[in-house]
Each structure stands twice: as C-alpha cells, then as structure tokens.
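Remember, it's 1-based here, ligands and their atoms both numbered in the order they're listed.
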Amino acid sequence: MTTGFFDGIAPVKHEGENSNSPIAYRHYNPDELVMGKRMEEHLRFAVAWWHSFAWEGGDPFGGQTFERPWHPQDNMAKAREKVDAAFEFFDILGQPYFCWHDADIRPEQGNFADNLATLDEITDYIGDKMQGRSIGCLWGTANMFSHRRWMAGASTNPDPDVFAFAAATVKSCLDATHKLGGENYVLWGGREGYETLLNTDMGQELDHMGRFLSMVVDYKHKIGFKGTILVEPKPQEPSKHQYDFDAATCIGFLRKYGLEGEVKLNLEQGHAILAGHSFEHELAVAASEGLLGSIDMNRNDYQSGWDTDQFPNNVPEVALAYYHILKAGGLGTGGTNFDAKLRRQSLDAEDLVAGHVGAMDVCARGLKAAAAMIEDGGLETALQERYAGWRTDAAQQMLGSDLAAITDRVLAEEINPQPRSGRQEILENYVNRFV
Ligand code: XLS
Ligand code: NI
Ligand code: NI
C-alpha cells in the first residue's frame, strides 16, 4: 500500500547528458569517481522534510495551495502517512540523506510532555522505515521559531521558562537525531535576535545563547553522539536582526564562548546573499578557520529581499562553491541539504521530483567543474605566483620583526614597490572555460 501521491513516477536513473526524458539524472551519477571519490560521497545530498513535506504553499499574502494525502497535518495518523510519502519519495530520488525539524514530523501538542512522546513515536516509525534502505539522517534540528512561545527567542528569551522549554526541546531532538544515527545536529537561531533594541539587553541574551550552546555540546558528549554540532548563520528574517548574522559573526561568537573546537557552521547560499556576501565568501571565511561543516544549497532571488529558498539552478555559482569546498578538503560529516521549496504554483508530485532532480544535476555539474579546476591547478598556480614574494626569507623575517627594523630595511634597500596586475579578467575567463 502506498500513499498514492507518487503513483506513476519511477525511480530516477542516470541517463547521461544526451537524455531527453523530462526526469532523469544527466550529470548526477552516484558511482562516478570525481578526484578519486564517488560523486555521492562528495555531494551527500539531503532532502529537507520541512519544505518538501510540511510546507503547504502559503506566503504572506495567501494560504495553502498544496493539497496532499497527509493533510491536515494536525494528527499522528497523518504524520505517519507523511513519513510513508517521504520514504516513497526517497526511493524515487535515491539520495543518501534527509533532514528534519521536530515540528515537521509530528504535530505540535502544546506542551512538552506530549511533544516528547509524539517525537519518540514518530522517530521510531522513521527508524523502522530506514531499516533495509540505504538512507541516513544528515541532521536533525528543533523548530524553535514557529510556535508563539518562541516569539521573543528561545535561548535568548527574556523569560527563563522559555529557556527551559528550549533546553528540553533541544535535548529531545538531539536524542532523536542520535537514535536515527544522525551525522550532525543543527541550531538555526530563527528567533535568536531582536525586533528592537528598545526592549533588548543584547549582552545578556548573547551570554545566554553562549551558555545554551555549551550545554548542547556537553550533552552531545554525555550521550556519545559522534556527529557535528552546527550553527547556521542568517542576518535577518524572521527577526529584524539575528545574532548569528554571518560566518564571521558566528566565528567570533564561538571563540568568545570557547566553542570553536566543538561547533562548526552550516552555510546557506541564500543567507549569504541576504548578508550582502557571495556564497563562496562565506565558505572561504569558514574554511579559513577550519569551521566549514555543511551546506544548505538553496538560492535566493536576487531581486527579492527575503529568503526565497529556491532550488539551485546556476552552474557557475555552484561550481565556485564546490571549488572552495573541495579546496577545504570536502564536507566531512556535512552534506548538501536542499533547504529549498517549490514555487507555490508547483502543485504536482512531479514538480517535487523535478525540483530535486534538477538541483542535484546542477550540483553534480558544479562539482565536476570544480574538480576539473582543482586538477588543472590554474587558479592555485595563479595564487601561488601572486603571493610568491612571501616565500622569501626576507619577507618571513619581516613578520617577526617590528616597525622600526622594517623602516631601516626600506631605507637601506631603497624598497619601492611596483604595482602588478591582479589579472582578474584573465582568471574569470579561465573559470568560464570550466563552467
Ligand atoms: C531558515 C533556515 C532553516 C534552517 C533549519 O531560513 O534556513 O530552514 O536550515 O532550521
Ligand atoms: Ni537553512
Ligand atoms: Ni534559510
């Protein structure tokens, strides 16, 4: 017995670049070796439960557009049917992972005890479904932003009872993630920020957030969870200002609370754009600190000022992202999560399949282009040449000296730097040969 929702849609196969079937992998070929490693193991794709199964097609101006067999989502029977549909979808797509929030997989009960009981029940059911399938949980997380109790924050709430409810909620979600063999646990601070400084003690809220994250890390070790704890930067929306603004802000925060050895970053393309950065900027910032953990590969519309969460479809952008990821040594325990939703007019099961298949192909093409650039070595050679002066003894000794000694050397050697081309157009043309 199936839910019927995906009836008539066969498992998606790799058919190669010349395939003209509407739904097929043209570039994503899990077993193909890229730099000596299977493509599936590089990309580690995950489907996001919230956008693909829980979101009903609403926007700020109108409600539900999707009608699914698992609606209404207010009872456990429908929650199970949603799990059934999700696994039917995973069988079609063949991706290796999924991600969830507690609120996506069980209906909100209005109190902690019942939230806990229903989360245990549904994650047992998910665990049963995982048996005999080669699919894993990339990460779990707690939705501490939708229900009204979180409106003034979770760990940063002025009310200590909300902090307590948040602590219990994260414990339950970390336990459930551990039970499902999850490889990471994510904290995105949806309401961890402020609407106005007129009513906000920012310093106290940041201290509470730091203390909360330390408790999460302690609990992870206590239960023997081997996965990585990740925080996800985003500058604004839903809060006017969010404390995890961007990668650099998060790194400063982790350092301040002594957590930089314990927590890494889950970077999202769309959030990078909202913060006024490129995605590769955020990846490079995290990589330079060894804190690149995982990615949410959903783009934003460049004309809209909000988080439109669209499936990626820009190969050159994706290629540069994977270039930085490969350069940093890959995603480790992380993966490529599609925190992406359909457009609200895309009503059909086929749309959901097509959104993911297209995105996986775009990422596969990007990965192959990135690997080709790494293997060719052109960008790396250009970088080495640009910084070659720093590989001399004189330059290295200078870093250990002081302003006065350097001044003496500038005078004695009559140092008078000659500007050199940054060669940007040449490098851009180089990249375009690969994408
Ligand atoms: C929202 C975030 C969210 C996190 C998980 O903008 O991207 O979906 O990834 O809570
Ligand atoms: Ni995200
Ligand atoms: Ni987002």
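- Taking only nitrogen or oxygen atoms, main chain and side chain alike, N266 does not reach within less than 3.5 Å of ligand 1.
- A salt bridge is defined here as a Lys NZ or Arg NE, NH1 or NH2 lying under 4.0 Å from an Asp or Glu carboxylate O, and E56 with R68 fails to meet this definition.
- Relative ring orientation between F338 and F311 is described as tilted, the plane-to-plane angle lying within the 30° to 60° band.
- When the ring pair (Phe, Tyr, Trp, His ring centres under 6.0 Å) test is applied to Y257, the partners found at least two apart in sequence or on another chain are F253.
- Within the 4.0 Å heavy-atom shell around ligand 1 one does not find V186.
- For ligand 1 and K234, the ligand atoms under 4.0 Å from any heavy atom of the residue are 1 (C), 6 (O).
- Using a 4.0 Å cut-off between charged nitrogen and carboxylate oxygen, K179 and D124 count as a salt-bridge pair.
- Of all protein N/O/S atoms, those lying under 2.8 Å from the Ni ion (ligand 3) come to 3.
- Close approach to E232 involves these atoms of ligand 1, each under 4.0 Å from a residue heavy atom: 2 (C), 3 (C), 4 (C), 7 (O), 9 (O).
- Below 30°, between 30° and 60°, or above 60°: for F245 and H241 the angle between ring planes is below 30°, a parallel geometry.
- A donor atom on one side chain and an acceptor atom on the other are found under 3.5 Å apart for Y125 and D84.
- Among protein heavy atoms, the minimum distance from atom 8 (O) of ligand 1 is reached at D339 OD2, 2.7 Å.
- Residue nearest to atom 10 (O) of ligand 1, selected from H271, H51, H101, M144: H101 (by heavy-atom distance).
- Within ligand 1, counting atoms from 1 as listed, the ones closer than 4.0 Å to a heavy atom of D296 are 9 (O).
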